[in-house]
Amino acid sequence: MHWADVEGSKLPPEPLIATGITPSGPIHLGSLREILTGDAVKRASESGELLYIADSIDPLRKVYPFLDDSYEQYVGMPLHDIPCPCGDHDNYAEHYLAPFLETIRELGIRCSIKYTHTMYAEGDYAEAAKLLIEAREEVAEIISKTTGRELDDSWYPYNPRCSDCGKMGDVEITSFEDPYVGYTCGCGHEGKADIRTDDGKLPWRCDWPARWWMLGVDCEPLGKDHAAAGGSWDTGTEIIKAVFGTPPPHPIVYEWIQLKGKGAMSSSTGVAIKGEEMLAMVEPEIVRFLLMKTKPHSHIDFDPGLPLLDLVDEYDTVEARYYDGELDQDTQRVYELSQIQGIPEYPPSRVPYRHLVNLVQIYESADEMWEVSMGDEVGPEDYDLFKTRVEGVKYWLDEHAPPFVKFSVKKEMPEVSLNDKEIEFITRYLTELKGSDTWSPDSLHALVHTVAEDVGISKGKSFGIFYRILLDQKRGPKLGRFLMQLDREFLLERLEEVVE
RNA sequence: GGGCCUGUAGCUCAGCCAGGUAGAGCGAUCGGCUCUUAACCGAUCGGCCGGGGGUUCGAAUCCCCUCAGGCCCGCCA
C-alpha cells in the first residue's frame, strides 16, 4: 500500500490535517514537502480537510543574509507588521507567502489558509491562552522536564508585545490578572497585554498544542526538527494532554530534502530551490511525483543538474505505463497522487525533455520546435503541454544545466580550417545526403561511418567536423538526431558552403 | 547527552509496516551496420541484503547488540 493510504487509514473519518510555516524567508522545496505530504494524506482519506497556517505573528528573529541591514530595526516585530522587502506586498510575511501560495495552487493543493495574526486578533486563542497561563507551573515543568531547560518562577507561557516599541523579544511579565498580563519591556515601557487579542502570542511550544486543541487537528506532518527527543512535538503532546485534556494529532514525520552536494535546504543559508523555481523547470505533476514516490521519512537528495532529466524521464515512463496498465499498485498510486486534478482520460503525449534540450538550443520559437516535433506521438491537443515543457527546458538550461550540454547553432559559418580529407568527407556526405530522400537519425548517423570509411578518415574526426561547422565547438549532441532536428535547407546550405 | 533516518547489483534505489525462491532503472558486456559524446531495440553479466546474535519450519523483512554515514534536538521556531 502507498504510504499516503497507510497514513490515511489511521485517521478518523473527515480528518482535519494541519500544517504550517513561519514565512520568515523564501519558501523552498523542503517546505513544499510538508504541505504535499498533508495533501497526499488528505487525498487518501475521504473528505479530509487540509489547513495551512502561516505564522504571521511570529517575530523576525534576526537579519537574515538575504535581508539588508535596514531590517535590524524590525527584529522582534511580528512578520505581519514588517514592511515588504520588495514593496509590492502588504507586508513581510505576505512577500514570502504569496509566491508560495501560488505554487501550491498550481500543484493542485486545495487547502484553507489561516494567518496567526488574525487568529490572535479575532480571539481564537483566548481560551487556550488563559488555560495555559493558569497552568503555567505545570507547563513549565513539562518543558523543563523534556528539554532539560531551566525555567524560573517568573516564566509565563505568553509573549506580550510591547505596545510602545512593537517588539516581542525583550519583554518580561510581571503580573497576570485575567485577561491582562502586566509587563515591562527592555525599551523601558511598562504596559499590559490583553491575552484575548494580538497583544502578544504564545511561545511556539504552547502555540502548537493550543492549535491542535482549538481547531481539533487530527493529523499533522512535521519536520524532523520538531520530532527529535525533547523537541516541540514531545512538549506539545504532553501539554495538550495535561492542559487541554485531549489527545495529540497523528504525526507524520518527514525528512529534509538536500540539495545534492550542498547540504540540507534552508532558507537562511540560501541553499534552496524555491517552490516557484521547481515549477519553472518542470511540470507540477513532476514535482508531486518526486515527493509522492518517496516516503516522507526518507531524505531526498535532489540534484537539479543532469539527474533532473532522469526524474522527468522516469515520470514520462511511469505515465506511459500507467495507461498500458503495466504498473504495480504502489507506482500506480504514485502516478495518481501526482496528478493535479483528476487522471487525464487519455495519456498526455510529452515530447522527451532531453529531446527538447536540443531543440530549444536550435530554434527560436516554440512553434518552430513544435513543427519539428510533430510526429506520430504528439497531437495538436498536446500543444500547451509542449509549450510548458519548452519553457521549463529553457529555464533549466539557464539555471541548472551543466555547461557541456549547451551549444548554439551558428547562423553564419564559423571560421574553421579544414584539410583536404575533411572537405572530401563533407563533399561525399553531401552527395549521399542529396541522393537519399528518407532521412532518419539512424541513417544520418550511419552515413557518417560509411563515408568516413570510404574517404579514409577517422570516425572521431568525421563527427567532429559537423560540430565545428555548425556549432563552432569540438563536441556536441548525438549527431544523427541532432542533424534531423536542424532545418533541412539550412543543413544542406551549410554543407554546400564547406564544399565551396 | 538524546532522537530520527540510511546501509540491498558498479551507481541510484524498490522490496521491510502484514516473514515464504533477491527486484527495477542506469552503467558495463554482447548482438542489432565497421556505432561518437547524452539515441533506440534485444540479451547477458552482476548481490553470504553493513556485521554478529536471537525468534521461527522459514528472516533483506521481526527482536537485541554492533559498525559506518547523514541529519536533527538540547536557543528560536
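Proteins get letters first, then strands, A, B, ... in listed order; numbering begins at 1 in each.
Nearest heavy atom pair, residue A:Tyr183 against residue A:Pro160, reads CD2-CB, 3.9 Å. Taking every heavy atom of both residues into account, A:Arg43 and A:Arg333 meet most closely at O-NH2, 4.3 Å.
With rounding to whole Å, A:Glu314 atom CD is found 15 Å from B:A24 atom P. In this entry the distance linking CG of A:Leu222 with C1' of B:C72 reads 12 Å, nearest Å. Between the NE2 atom of A:His2 and the P atom of B:A18 there is a distance of 19 Å, given to the nearest Å. If you measure from atom CZ of A:Arg354 to atom C1' of B:C40, you get 13 Å, rounded to the nearest angstrom. The distance from atom CG of A:Asp313 to atom P of B:C26 is 10 Å, rounded to the nearest whole Å. Going from atom NE2 of A:His299 over to atom P of B:U12 covers 10 Å, rounded to whole Å.
Here the side chains of A:Ile273 and A:His400 are in contact, with some heavy-atom distance below 4.5 Å.
Taking atom C1' in both B:G69 and B:G50, one finds a spacing of 11 Å when rounded to whole Å. Atom P of B:U55 sits at a distance of 35 Å from the matching atom of B:G70, rounded to the whole Å. For the C1' atom pair drawn from B:A24 and B:G15, the interatomic distance equals 10 Å after rounding to whole Å. B:A39 and B:G3 have their C1' atoms separated by 48 Å, given to the nearest Å. Nucleotides B:C16 and B:G53 have their P atoms positioned 26 Å apart, rounded to a whole Å. Taking atom C1' in both B:A9 and B:G1, the straight-line distance is 39 Å, to the nearest Å. Rounded to whole Å, the C1' atom of B:G52 lies 26 Å from the corresponding atom of B:C13. Taking atom C1' in both B:G32 and B:C48, one finds a spacing of 37 Å when rounded to whole Å.
Here A:Lys295 lies in heavy-atom contact (under 4.0 Å) with sugar-phosphate atoms only.
A:Asp207 has a carboxylate O that lies under 4.0 Å from a charged side-chain N of A:Arg211, or vice versa, which qualifies the two as a salt bridge. The pair A:Asp316-A:Arg354 does not count as a salt bridge, with every side-chain nitrogen at least 4.0 angstrom from each carboxylate oxygen. Ion pairing between A:Glu285 and A:Arg288 fails under the 4.0 Å rule for side-chain N and carboxylate O.
Stem analysis of RNA chain B (at least three stacked-register Watson-Crick or G-U pairs, each with both distances under 3.5 Å) gives B:1-7 with B:67-73, B:10-13 with B:23-26, B:28-32 with B:40-44, B:50-54 with B:62-66.
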- Query: Does the side-chain hydrogen bond (donor to acceptor under 3.5 Å, both in side chains) test come out yes or no for A:Glu94 and A:Tyr115, once each step is laid out?
  - Reply: CA-CA 10 Å; A:Glu94 200 56 33; A:Tyr115 292 83; 3.3 Å; yes

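Between A:Phe466 and A:Phe425, the angle of the ring planes goes over 60°, which puts this pair in the perpendicular group of the 30/60° scheme.
For A:Tyr64 and A:Phe66, the ring centers sit closer than 6.0 Å to each other.
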Pairwise N/O distances under 3.5 Å, protein to nucleotides 73-77 of chain B:
residue: B:G74; atom: O2'; partner: A:Thr147; partner atom: O; Å: 2.9
residue: B:C76; atom: OP1; partner: A:Arg149; partner atom: NH1; Å: 3.0
residue: B:C76; atom: OP1; partner: A:Arg149; partner atom: NH2; Å: 2.7
residue: B:C76; atom: OP2; partner: A:Arg149; partner atom: NH1; Å: 3.2
residue: B:C76; atom: O3'; partner: A:Arg61; partner atom: NH1; Å: 3.4
residue: B:C76; atom: O2'; partner: A:Arg61; partner atom: NE; Å: 2.6
residue: B:C76; atom: O2'; partner: A:Arg61; partner atom: NH1; Å: 2.6
residue: B:C76; atom: O2'; partner: A:Arg61; partner atom: NH2; Å: 3.2
residue: B:A77; atom: OP1; partner: A:Trp204; partner atom: N; Å: 3.4
residue: B:A77; atom: O3'; partner: A:Asp55; partner atom: OD2; Å: 3.4
residue: B:A77; atom: O2'; partner: A:Thr22; partner atom: OG1; Å: 3.1

